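Values reported hereafter were calculated over all heavy atoms of this structure, with side chains retained and with hydrogens, waters and symmetry mates removed. Positions are given from 1 along the sequence. Quick caveat: nothing in here was measured; it's all calculated off a predicted structure.
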Amino acid sequence: MDYPRAVPLAIFLLVAAVTVVSVFSIERGERVRETAELNRQAQSMVGAIERRAYSNSSFLRAGAALFGAQAEVTPELFRQFVSELRLDADYRGAEGIGWAPAISARQVADFERVASSGKIGLTKVVPSLDEQPRSQLVPILFLQPDTLRNRRALGFDMYSEPTRREAMDQATRTMRPTASGRVTLVQEGGAEEAGFLIYMPVFDGTGPGRSLKGFVYSPFNASQFLSSASELVQGTKASVRFYDVSGGERLLMAQTPGWNDQGEKVEREVDLANRRMVMVIQSGRDATLSPLSMITLLFGLAVASLLLVVARLLTQQAQEDSRSLEWFAQQNSIRNSLTRELNHRVKNTLANVLSIVSLTRRRTDSLDEFAEGIDSRIRALSATHDLLTQSEWGTTPVRSVVSVELAPYTDDEDHELVIEGPEVELAPNDALSLGLALHELATNAAKYGALSTSGGKVEIRWELVNDTLARVEWVESQGPQVTLPRKRGFGTDLIEKIVAHELRHPVELEFAPEGVRCTLLVPVREPSEFELRSKGPAGAARGH
């Protein structure tokens with residue numbers, strides 16, 4: 001059974017996909033919850049800002065009542081009035097509360113005299129009439145608390161600046177507290193911090209004949225005002241931007257720390273003292289996964305990795321078991337093939353032995369001669385078998401077969417042996433047949449031919465006729481004169497019958513007077529025709 005390696009990976013991907021879907025669901029729920037929380041915080045911030053503006057409007061209305069009821073308000077009375085308001089305890093974010101009378105150009109000198117009374121140095125109207133001629137002025141006379149920062153504003157004609165003038169004109173028309181657009185307070189002393197003011201008009205008299213007496217107002221640093229409003233919202237982690245909307249254009253008033261333009265945003269309109277402003281709240285959550293999503297992701301990946309390892313081990317074990325079963329099946333096939341091959345070769349060898357015994361018996365006259373013939377031929381057969389065993393019953397070189405059969409005569413100095421030929425490999429049975437033939441030729445030469453006398457010469461040469469056939473020639477010379485035998489001997493029958501039958505080619509045996517000549521044609525086979533088992537992937541056994 002096949003266990004594909006993709007199975008562990010598929011399990012890992014499946015668990016990882018479930019983990020990702022779970023994380024996605026958790027994150028979507030977190031976003032829904034975050035959006036709801038952001039809307040809640042936005043509504044809370046709107047309420048906080050409007051409460052701050054309403055509280056300040058209440059203080060300004062009280063101040064307007066004071067200046068409307070009194071013909072003259074002294075600096076001491078105004079200071080006492082502001083202290084009773086307890087601005088430090090009840091209202092934060094404002095620079096204080098001030099009074100700015102509405103005067104004409106002819107009243108500037110009287111204003112400067114009153115503003116400088118009891119003070120070190122003179123208070124002048126800024127900008128002066130020489131710098132900017134005008135008929136209507138609203139210079140700052142009182143501003144509490146009396147701090148160095150607030151003293152910078154005394155004498156400044158707020159009506160000379162367009163944004164402040166627009167807010168004062170609207171407050172005069174509506175008779176309600178009215179906020180200005182974005183300005184830079186005189187208190188900043190040249191800095192660029194954004195701020196705004198809320199004006200409450202004070203009238204002298206009632207009805208259509210009333211006249212504008214001046215303005216009670218509060219200056220605000222926009223950043224401090226936004227920070228003070230944020231303190232009223234519990235548990236907020238969001239960032240806030242506060243915009244003034246003027247002529248369709250948004251002017252940034254202030255923002256809390258942490259703004260990065262990355263998180264989710266909610267926008268709300270704010271009615272700040274009769275002026276439309278916009279507040280944008282940004283989520284304080286960063287782009288990373290929530291803790292629950294991170295835990296789910298890590299746990300899911302850990303489980304997926306563990307399952308991957310376990311599945312990989314199981315499939316690997318299954319693959320090893322499958323390979324073991326295949327190996328055992330292969331070994332069983334090889335064992336069966338070996339048994340059939342051994343049986344076949346043993347039968348061949350026994351057939352050769354029986355033929356040798358039968359021919360030897362018919363060609364001998366005594367038991368000793370029979371035993372001697374049988375012994376030498378069996379030994380020749382055994383020597384060739386040794387060669388085949390050394391080659392593991394693979395191919396055997398012609399040269400090795402010749403050398404083994406002529407080994408007893410190689411070191412004999414009375415004879416000359418010539419062994420020549422290319423490298424030719426023979427199949428096992430063909431090597432056995434060639435060995436028997438060479439043994440008989442060598443035995444006959446040692447008894448009657450060139451190997452029987454001093455100076456005799458034997459030449460064994462072979463060559464390839466083509467890719468499937470080799471010619472082996474045995475030539476004797478310089479030995480005794482050869483005569484045609486009167487009767488056929490064992491060697492002749494062995495060579496012309498057994499060997500020719502096994503090699504499947506006729507043998508030419510010539511008894512020439514100058515010496516015996518023998519030509520054998522030996523097949524040259526492909527290893528796949530006789531090897532015991534193939535070397536392919538399946539290792540299937542092959543019989544001979």
Can you name the nearest heavy-atom pair linking [X] to [Y], along with the distance?
{"X": "Gly435", "Y": "Glu405", "answer": "O-CD, 3.4 Å"}
{"X": "Val507", "Y": "Cys518", "answer": "CG1-SG, 3.7 Å"}
{"X": "Ser239", "Y": "Thr256", "answer": "CA-OG1, 3.4 Å"}
{"X": "Gln282", "Y": "Leu38", "answer": "C-CD1, 3.9 Å"}
{"X": "Thr453", "Y": "Gly479", "answer": "OG1-CA, 4.0 Å"}
{"X": "Gly195", "Y": "Leu185", "answer": "CA-CG, 4.5 Å"}

Any chance you could measure [X], atom [atom1], to [Y], atom [atom2], to the nearest 0.5 Å?
{"X": "Ile460", "Y": "Trp474", "atom1": "CD1", "atom2": "CH2", "result": "5.0 Å"}
{"X": "Glu514", "Y": "Lys457", "atom1": "CD", "atom2": "NZ", "result": "13.0 Å"}
{"X": "Gln478", "Y": "Glu416", "atom1": "CD", "atom2": "CD", "result": "6.5 Å"}
{"X": "Phe242", "Y": "Ile281", "atom1": "CZ", "atom2": "CD1", "result": "11.5 Å"}
{"X": "Arg504", "Y": "Asn429", "atom1": "CZ", "atom2": "CG", "result": "9.0 Å"}
{"X": "Gln224", "Y": "Glu95", "atom1": "CD", "atom2": "CD", "result": "5.5 Å"}

[Y] side chain reached by [X] side chain, heavy atoms, under 4.5 Å:
{"X": "Leu417", "Y": "Leu451", "value": "yes"}
{"X": "Met277", "Y": "Met253", "value": "yes"}
{"X": "Leu434", "Y": "Leu426", "value": "yes"}
{"X": "Arg323", "Y": "Leu325", "value": "no"}
{"X": "Val266", "Y": "Val280", "value": "no"}
{"X": "Glu476", "Y": "Arg517", "value": "no"}
{"X": "His415", "Y": "Val458", "value": "no"}
{"X": "Glu425", "Y": "Val524", "value": "no"}

Steps toward salt bridge (Lys or Arg N to Asp or Glu O under 4.0 Å) verdict (Asp244, Arg275): CA-CA 9 Å; Asp244 172 40; Arg275 187 176 183 88; 2.9 Å; yes
Whether the side chain of [X] engages the backbone of [Y] through a donor-acceptor N/O pair (distance < 3.5 Å, no angle test) should be reported.
{"X": "Trp462", "Y": "Pro422", "answer": "yes"}
{"X": "Ser223", "Y": "Ala254", "answer": "no"}
{"X": "Ser452", "Y": "Gly449", "answer": "yes"}
{"X": "Ser230", "Y": "Leu226", "answer": "yes"}
{"X": "Arg52", "Y": "Ser228", "answer": "yes"}

Residue pair Glu510, Val516: steps toward the side chain to side chain contact (heavy atoms under 4.5 Å, CB included) verdict: CA-CA 6 Å; Glu510 180 184 354; Val516 175; over 6 Å; no
From CA spacing to verdict: salt bridge (Lys or Arg N to Asp or Glu O under 4.0 Å), Glu267, Arg250: CA-CA 13 Å; Glu267 185 174 304; Arg250 290 186 179 185; 2.4 Å; yes
Donor + acceptor pair across side chains of Gln43, Asn39 (<3.5 Å): no
Polar side chain donor-acceptor pair, Gln187 to Asn221, under 3.5 angstrom: no
Leu406/Leu438 under side chain to side chain contact (heavy atoms under 4.5 Å, CB included): CA gap, chis, key distance, verdict: CA-CA 8 Å; Leu406 295 180; Leu438 292 177; 5.9 Å; no
Test log, rule side chain to side chain contact (heavy atoms under 4.5 Å, CB included), inputs Leu313 and Val310: CA-CA 5 Å; Leu313 292 176; Val310 172; 5.7 Å; no
Salt bridge flag under 4.0 Å for residues Asp430 and Arg525: yes
NZ/NE/NH1/NH2 to OD/OE distance under 4.0 Å, Arg399 and Glu420: no
Geometric class of the Phe196/Phe220 ring pair [parallel <30°, tilted 30-60°, perpendicular >60°]: parallel
Flag if over 12 foreign heavy atoms under 6.0 Å of CG, Asp467: no
By salt bridge (charged side-chain N to carboxylate O under 4.0 Å, His left out) - contacts of Glu264 (at least two apart): none
